[in-house]
Amino acid sequence: MGKPEFLELLVFHLGPLHVGVTVLATWLLMILLAGFAWLGTRHLSVDAPSRRQTMLEGTVLALQQAIEDTAPGHAARLLPFIGTLWLFIAAANLMGLVPGLRSPTGDLSLTVALALLVFASVHWFGIRIDGWRTYLRHYLDPNPILLPFHLLGEVTRTLALAVRLFGNMMSLEMAALLVLLVAGFLAPIPLLMLHIVEALVQAYIFGTLALVYVAGALQSHELQHED
Amino acid sequence: MEFDLTTFILEVINFLVLVWLLKRFFYRPVLDVIEKRQAATAKTLADAETVRREAEALKSQYQARLADVDKDRAAARAALAEEIAAERTRRLAAVEAEVNADRQRRQMLEARERSEREAALEREALTIATRFASRFLDRLAGPELNAKLAELALSELDALAPDKLDILRDPGASIKVVSAYPLDTAQRAAFTQVLGRLAGRTLAPEFSDDAVLKAGVCIMAGSWVLMANLRDELGFFSGSLEHGG
């Protein structure tokens with residue numbers, strides 16, 4: 001697209017596997033996130049928390065509270081998956097603001113992978129809580145006739161989840177590139193500021209939708225138990 | 001950007017690895033420290049609650065002690081008030097008794113002073129009356145009055161106290177009867193008889209006359225003098241009046 005790509009220089013092939021820019025960007029993000037997590041949690045104190053520790057605790061508690069509000073009683077179990085979705089997508093979306101780098105979420109392969117993970121997690125948590133029979137029975141409620149619609153809903157919402165994130169992030173970068181080509185230097189700055197907001201909003205939407213899907217599955221199981 | 005299966009598979013693996021990494025190095029340590037702090041906070045709260053309960057218990061205990069102290073103080077005050085009232089009553093009774101005794105003593109003194117004053121007044125009145133009578137009789141002085149006063153002196157000699165007559169009983173005492181006018185024989189005999197009876201022996205009084213007496217007689221036996229004449233203002237009769245009423 002004419003934009004200089006730093007990571008394109010590092011692309012390689014491992015046999016039949018093509019390790020592209022998206023994977024490299026994801027690894028970079030993983031190293032950064034894991035590194036920050038490791039460095040940030042090395043010297044946690046119970047009696048005298050530092051400002052950095054307070055920030056980390058505030059972040060975790062905010063994530064936990066958001067999950068608890070949507071799926072009461074399941075925050076501890078859902079926090080690693082949903083929290084990582086929020087953090088990873090937000091960081092990945094903001095990565096595009098760094099010169100020479102590109103948001104990995106602008107790659108459909110990544111967003112589809114995340115959407116499929118959400119799809120799988122909904123069934124994973126549902127089956128872990130209630131077992132195969134009870135979980136699969138909710139597809140037949142309130143009437144078995146609705147089974148095709150349930151299945152269609154599962155596919156479409158997963159597809160929408162993947163395409164929404166990919167479309168928003170790809171279009172943002174594309175728009176910024178076009179404005180840069182047309183208007184010249186410094187012109188796309190307002191668009192880049194919009195990029196920050198959009199990056200955080202899309203991360204919030206993706207993670208919240210994933211949480212709502214998982215919580216919906218858990219609540220449907222709980223309703224079945226109550227019936 | 002096209003869909004790439006290799007990227008898709010690697011991204012799935014990447015994300016799952018990232019979930020594990022963050023769970024291992026981020027969520028778990030932070031949640032652990034939050035849990036420890038919450039436990040420490042809960043322990044602090046529990047300790048504070050324990051201290052608060054102990055303080056409440058101590059407060060109740062001290063309030064009970066204060067109530068006991070107040071009760072004891074009230075009882076002590078009541079006892080003291082009762083004791084003060086008893087002491088006041090006792091002292092009032094003592095003062096009242098003392099006042100009554102003082103009043104009686106003062107009444108007695110007043111009565112005695114009043115009687116003494118009355119007696120003095122009476123004596124003074126008698127003296128004045130005697131003096132007045134003697135001065136009044138001084139104008140009537142004469143043989144008749146002299147005779148009357150001599151008779152009166154004779155009749156009053158019997159009323160004399162016995163201790164005043166001891167001198168008459170003295171055998172060595174010379175007895176003189178002086179009159180303003182010469183006494184006749186009967187009068188002299190009467191004096192001799194009366195004085196002899198009072199002395200318990202036979203007497204021979206020496207009779208004489210002295211006009212200075214104006215009227216009446218003056219009987220002298222040693223140092224004892226009986227004045228029943230106008231010159232001496234009838235002192236002898238005033239004594240008899242005082243005793244006879």
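Bear in mind the structure is a predicted one, so any value in this text is a computation, not a measurement. Atom set for the values below is all heavy atoms of this structure, side chains included, hydrogens, waters and symmetry mates excluded. Chain naming here is simple, since letters A, B, ... match the order of the sequence lines and numbering starts at 1 in each.
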For this session: Before giving the answer on side chain to side chain donor-acceptor pair (under 3.5 Å), spell out for A/Thr22 and B/Glu11 the whole-Å C-alpha distance, their side-chain angles and the decisive distance to 0.1 Å.
Result: CA-CA 8 Å; A/Thr22 303; B/Glu11 289 298 341; 5.5 Å; no
Exercise. Could you walk me through whether A/Leu85 and B/Phe15 pass the side chain to side chain contact (heavy atoms under 4.5 Å, CB included) check?
Worked result: CA-CA 9 Å; A/Leu85 270 180; B/Phe15 187 79; 3.5 Å; yes
For this session: With side chain to side chain contact (heavy atoms under 4.5 Å, CB included) as the test, would you mind laying out the steps for B/Leu21 and A/Leu33 before giving the verdict?
Result: CA-CA 9 Å; B/Leu21 286 174; A/Leu33 289 174; over 6 Å; no
Problem set entry | Pair A/Val19-B/Thr7, side chain to side chain contact (heavy atoms under 4.5 Å, CB included): steps then yes or no | CA-CA 7 Å; A/Val19 179; B/Thr7 303; over 6 Å; no
Problem set entry | Derivation of the side chain to side chain contact (heavy atoms under 4.5 Å, CB included) call for A/Gln64 and B/Leu31 | CA-CA 10 Å; A/Gln64 194 177 33; B/Leu31 287 175; 3.9 Å; yes
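The backbone N or O of A/Ala76 lies less than 3.5 Å from no partner atom in the side chain of B/Tyr27, so there is not a single donor-acceptor pair. A donor-acceptor pair under 3.5 Å links the side-chain atoms of A/Ser109 to the main chain of B/Asp4, judged by distance alone.
For B/Leu18, the parts lying near chain A are the backbone and the side chain together; criterion is any non-hydrogen pair under 4.5 Å.
Residue A/Val46 comes nearest to B/Arg37 through the heavy atom pair O-NE, 3.4 Å, listed as atom of the first residue, atom of the second, then distance. A/Trp27 and B/Asn14 make their closest contact through NE1-OD1, 2.8 Å (heavy atoms, listed as atom of the first residue, atom of the second, distance).
For the pair A/Leu17 and B/Ile9, the minimum side-chain heavy-atom distance is 4.5 Å or more. Side-chain contact between A/Leu116 and B/Val12: absent, with no pair of heavy atoms (C-beta onward) separated by less than 4.5 Å. A 4.5 Å side-chain heavy-atom check between B/Phe26 and A/Val60 finds at least one atom pair inside the cut-off.
Atom NE2 of A/His18 and atom CG of B/Leu5 lie 12.5 Å apart (nearest 0.5 Å). Here the CZ atom belonging to B/Phe8 is positioned 10.0 Å from the OG1 atom belonging to A/Thr111, to the nearest 0.5 angstrom.
Along residues 69-79 of chain B, no residue comes nearer than 4.5 angstrom to chain A, judged on non-hydrogen atoms. Within residues 35-43 of chain A, the residues having any heavy atom less than 4.5 Å from a heavy atom of chain B are, in residue-number order, A/Ala37, A/Trp38, A/Thr41.
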